[in-house]
Amino acid sequence: KLAECIIGQNYSEAVTYIAQERQYSHSPAFEVEISKMEEYVNAVSGKGQALEVALRSKIGQETVIRIKGADWPVIIRSVEDGSMKVDLKSKIGSEVKLRPGVLTFAQLDPVECIRLIGPADTEAKCVAIIALSFKAKDYKLALKAAEKCGPFAESFKARVEQETGQSQPQ
């Protein structure tokens with residue numbers, strides 16, 4: 001159920017599901033899984049969003065961001081609530097100008113978001129990459145990331161297989 005909520009970007013339903021599960025007494029192992037679920041939901045939504053975390057690490061640095069097929073050199077000034085304040089670098093003749101602007105994460109292509117998040121080196125990043133891969137219809141990448149999702153790997157892999165209509169070789 002959680003995998004479906006994350007892939008479908010229905011985060012409020014995922015939060016409700018987690019809250020409902022927290023009302024009941026569970027084994028310590030399941031309590032760890034519930035906490036992991038919450039971490040995953042935060043990785044794709046809210047303050048813990050993997051993209052927001054990745055972009056915050058680039059504040060003050062020049063970064064190239066692809067928007068609608070064009071590469072834009074920007075200096076990220078701040079990141080908050082699904083958007084970033086940037087200084088857009090543009091060259092006019094031999095002069096470099098900085099123009100302030102705001103980019104929302106919604107303006108970014110899912111493939112660009114995956115690139116900005118960086119390597120799938122944590123389970124939380126993997127979950128974010130799965131959700132973005134589904135948006136981009138890159139099921140091969142979704143499957144690769146799903147394999148690194150710890151106790152939820154099988155659920156995510158099953159969801160990818162359901163989407164593609166085929167079982168993946170083991």
Side-chain angles (χ1 to χ4, degrees), residues 1-18 21 29-30 32-59 61-74 76 79-84 86 88 103-170:
K1 174 153 174 95
L2 182 67
E4 190 62 43
C5 290
I6 289 172
I7 289 167
Q9 298 181 339
N10 191 346
Y11 308 127
S12 61
E13 188 177 329
V15 169
T16 301
Y17 174 75
I18 291 167
E21 287 299 321
F30 193 75
V32 169
E33 284 189 17
I34 291 173
S35 294
K36 199 60 100 172
M37 287 181 206
E38 197 164 35
E39 179 186 340
Y40 288 174
V41 172
N42 288 336
V44 292
S45 68
K47 289 289 179 201
Q49 184 185 35
L51 180 58
E52 194 167 298
V53 170
L55 290 172
R56 275 205 175 108
S57 73
K58 298 177 188 291
I59 289 176
Q61 301 173 24
E62 183 173 327
T63 304
V64 175
I65 295 180
R66 181 171 278 275
I67 303 168
K68 295 182 181 167
D71 290 339
W72 292 89
V74 300
I76 300 172
V79 179
E80 190 174 317
D81 296 328
S83 68
M84 60 185 140
V86 300
L88 197 61
L103 294 173
T104 65
F105 296 172
Q107 289 175 286
L108 303 176
D109 182 78
V111 173
E112 179 64 358
C113 292
I114 292 167
R115 185 188 72 78
L116 291 167
I117 287 171
D121 54 5
T122 68
E123 289 177 14
K125 278 185 176 181
C126 288
V127 172
I129 289 168
I130 290 167
L132 290 162
S133 296
F134 262 76
K135 257 180 115 171
K137 296 186 181 348
D138 185 346
Y139 303 114
K140 199 173 193 176
L141 180 59
L143 184 65
K144 188 176 175 186
E147 292 170 352
K148 298 178 182 178
C149 285
F152 301 102
E154 290 307 314
S155 297
F156 283 115
K157 284 168 44 179
R159 183 59 184 87
V160 173
E161 290 169 4
Q162 177 187 349
E163 190 68 25
T164 60
Q166 61 189 17
S167 273
Q168 301 295 323
Q170 297 295 317

Practice item. Please identify each residue that fulfils salt bridge (charged side-chain N to carboxylate O under 4.0 Å, His left out) with Lys148, with sequence neighbours left out. Key: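 Applying salt bridge (charged side-chain N to carboxylate O under 4.0 Å, His left out) to Lys148 gives none.
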Do you know which two heavy atoms are closest between [X] and [Y], and how far apart they sit?
X	Y	result
Pro73	Glu62	CB-OE2, 3.6 Å
Pro119	Lys125	O-CD, 3.1 Å
Ile130	Ala145	CG1-CB, 3.7 Å
Ile6	Tyr11	O-CE2, 3.8 Å
Phe152	Glu33	CZ-O, 3.7 Å

Check your understanding: Under 4.5 Å between any side-chain heavy atoms of Val86 and Trp72, yes or no?
Key ->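 Of all side-chain heavy-atom pairs linking Trp72 with Val86, none is under 4.5 Å.
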N/O donor-acceptor pairs under 3.5 Å from side chains in residues 133-143, not counting sequence neighbours:
from   : atom 1 : to     : atom 2 : distance (Å)
Ser133 : OG     : Ile129 : O      : 2.7
Asp138 : OD1    : Leu141 : N      : 3.0
Tyr139 : OH     : Glu163 : OE2    : 3.4

Working to the nearest 0.5 Å, report the span between [atom1] of [X] and [atom2] of [Y].
X	Y	atom1	atom2	value
Glu4	Arg159	CD	CZ	4.0 Å
Leu55	Glu80	CG	CD	13.5 Å
Lys68	Leu108	NZ	CG	11.0 Å
Met84	Phe105	CE	CZ	6.0 Å
Leu116	Ser57	CG	OG	9.5 Å
Asp109	Leu132	CG	CG	9.5 Å

Practice item. Could you tell me whether Glu52 and Arg56 have a side-chain N and a carboxylate O separated by less than 4.0 Å? Key: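 The answer is yes: the pair qualifies as a salt bridge.
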Point to revise | Lys58 and its side chain to side chain contact (heavy atoms under 4.5 Å, CB included) partner, picked from Ile65, Thr63, Val74 | key: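 The passing option is Thr63.
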Review point. Is there a donor-acceptor pair closer than 3.5 Å between any side-chain N or O of Glu112 and the backbone N or O of Arg66?
Key: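 Side chain of Glu112 to backbone of Arg66, a donor-acceptor pair under 3.5 Å: yes, one is there.
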Exercise for review: Identify, with sequence neighbours excluded, every residue that meets ring-ring contact (aromatic ring centres under 6.0 Å, His included) alongside Phe30.
Suggested key: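 Testing Phe30 for ring-ring contact (aromatic ring centres under 6.0 Å, His included), a comparison that skips the adjacent residues, returns His26.
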